[in-house]
Protein chains: 2
Amino acid sequence: MSPRRSAQDTLATRDKIVDRARLLAASDGLEGITIGRLADDLGMSKAGVIGHFGTKETLQLATFAAAVDVFQHEVIDRVTGMPPGLDRLLRLCAAWLDYLDDGNVSPGGCFLTAAASEFDGRPGQVHDAVAKAGRRWLRFLEAQVRAAVDAGDLPGDTDTEQIAFELNGIAVGTNQVIQLHHDPRARERGWRAMRRVCGALG
Amino acid sequence: MSPRRSAQDTLATRDKIVDRARLLAASDGLEGITIGRLADDLGMSKAGVIGHFGTKETLQLATFAAAVDVFQHEVIDRVTGMPPGLDRLLRLCAAWLDYLDDGNVSPGGCFLTAAASEFDGRPGQVHDAVAKAGRRWLRFLEAQVRAAVDAGDLPGDTDTEQIAFELNGIAVGTNQVIQLHHDPRARERGWRAMRRVCGALG
DNA sequence: GAATATAGCGAACGATCGTTCGTAAGGTAA
DNA sequence: TTACCTTACGAACGATCGTTCGCTATATTC
């Protein structure tokens, strides 16, 4: 008895820690992650948990990276392979809203938005990682808008950065209404707003 | 020597605590407020600080209420007295953006947005207060849009709730870009987006 | 089979958390 | 002056924080 873990299982342990930390952070924030609570939840010792990362900050970085991976998988990967253009942009927006609206895939709402709000005023590696991810996403979004312009789906004089800015705002606002007010109409309102911003509405 | 406080000063002490707590929460969140740090900053004992509130949660509630007061003073009060209509709505939006963009009046960004992100997934009185304030603000915003419709400045079939939803999204998104990316163009982008949402742009 | 590396444990560390208690010092009212 | 009431203090409380240490047990490599 007393089944010991193999080296294979060890990698899985780290993933399990990060996975659980993602859940904890979803409700209590990245700073609300606690080694002790994490250890209790996983039936491990505190030393066993922190041993995989060395530092809480490293654990936070790993947790945030995992959340970004989920976002990548649930939103961005949904449109890879589609031809550039307005269809692809709108499909990206729909996947984005799906992500925000699905409590299973994004419990606690958009992880990036929450982390941005939590760390925007503090120094450190976590802040830098969050800011970098936010900038990367905004730039990706703008590239999709530009692609729609290049495809002739949007006017040539479109301010692509402005469109990306507005789409991001609608998403963040939709996330707030969903999480704080649990308004079931938020997704539909966000979708209508995004289509209007993209000029795909009367 | 050793100047003792009068009963007059006592009220001022409570205000000083809340004021300092507002600053602390602006960077570390309402949960990041610490009795010990508060006491150190104010040159008081921990017991002297918590004695005014009894509980940290009560202190958080007082701090949030103070932040709401600032918002009321800086944004809403700026348009009281103006005749209802599109002018008043746009003036409200401008005051809103001013509030978001002024690091002195709102250090750490929009307090309500930050508190919403921090407490949207937790139970308790603070969550309830934040949710209530958020709902109140959205309803007030919608009332301003409806007033503009009634004044004939906006089409009669305007979806006032949708407009309020979009304005809120733009504001929250503008706040995120200002706080996380320190982009000086964010205010102007927000203003353009709001005017477009209100139909006040070509 | 011997040597090495890795994973995880239990225990302990100093620090800080929110909160409680008893007390001293002033202001206020009799 | 006497009797309160408020304000704030110092000290201590149990709990929990992140982190470190030495040790055991397994897996891997020679």
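Below, chain A is the first sequence line, B the second, and so on; all start at residue 1.
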Handout entry: Nucleotide of D/dG10, C/dC9, C/dC17 approaching A/S45 most closely (side-chain heavy atoms)
Key = C/dC9

Practice task
Using a 4.0 Å heavy-atom cut-off across all strands, classify A/L59 as base, sugar-phosphate, or nothing.
Solution key: nothing

Practice task
Quickly work out the B/E57 CD to C/dG18 P distance and round it to whole Å.
Solution key: 13 Å

Problem - Approximate separation, where rounding is to 0.5 Å, of A/Q144 CD and A/I163 CD1 - result: 14.0 Å

Fill in the blank from the handout: A/K56 has its side chain closest, among D/dA8, D/dT19, C/dC9, to D/dT19

Handout entry: Selection from C/dC9, C/dC17, D/dA8 that lies nearest to any side-chain heavy atom of B/K46
Key = C/dC17

Exercise for the section: Return yes if a side-chain donor-acceptor contact under 3.5 Å exists between A/Q176 and B/N168, otherwise no. Expected result: yes

Practice task
For A/M44 and D/dT19, give me the distance from atom CE to atom P, rounded to whole Å.
Solution key: 16 Å

Completion exercise
From CD1 of A/I17 across to P of C/dA7 the rounded distance in Å is 11 Å

Exercise for the section: Measure from the side chain of B/I35, starting at C-beta and using heavy atoms only, and say which of C/dG18, D/dT19, C/dG8 lies closest. Expected result: C/dG18

Problem - Side chain of B/T34 - closest among D/dA8, C/dC17, D/dC9 - result: C/dC17

Practice task
May I ask you to evaluate whether A/T13 reaches the phosphate of C/dA7, defined as a side-chain N or O under 4.0 Å from OP1 or OP2?
Solution key: no

Practice task
For residues A/R192 and B/Q162, report the shortest heavy-atom separation together with the two atoms involved.
Solution key: CB-NE2, 3.8 Å

Completion exercise
Separation of C/dC9 atom C1' from A/I50 atom CD1, nearest Å, is 15 Å

Problem - Whether over 12 other heavy atoms sit under 6.0 Å from B/H182 NE2 - result: yes

Problem - Atom pair distance, as rounded to whole Å: CZ in B/F53 and P in D/dT7 - result: 12 Å

Practice task
Take the protein atom NZ of A/K16 and the nucleotide atom P of C/dA7, then report the distance between them rounded to whole Å.
Solution key: 15 Å

Handout entry: Salt bridge flag under 4.0 Å for residues B/E166 and A/R189
Key = no

Problem - Given C/dG8, C/dT19, D/dG18, the nucleotide with the shortest approach to the side chain of B/T55 - result: C/dT19

Problem - Atom-pair distance (CG on B/L38; P on C/dT19), nearest Å - result: 13 Å

Problem - Interatomic distance, A/R37 CZ vs D/dG18 P [rounded to whole Å] - result: 12 Å

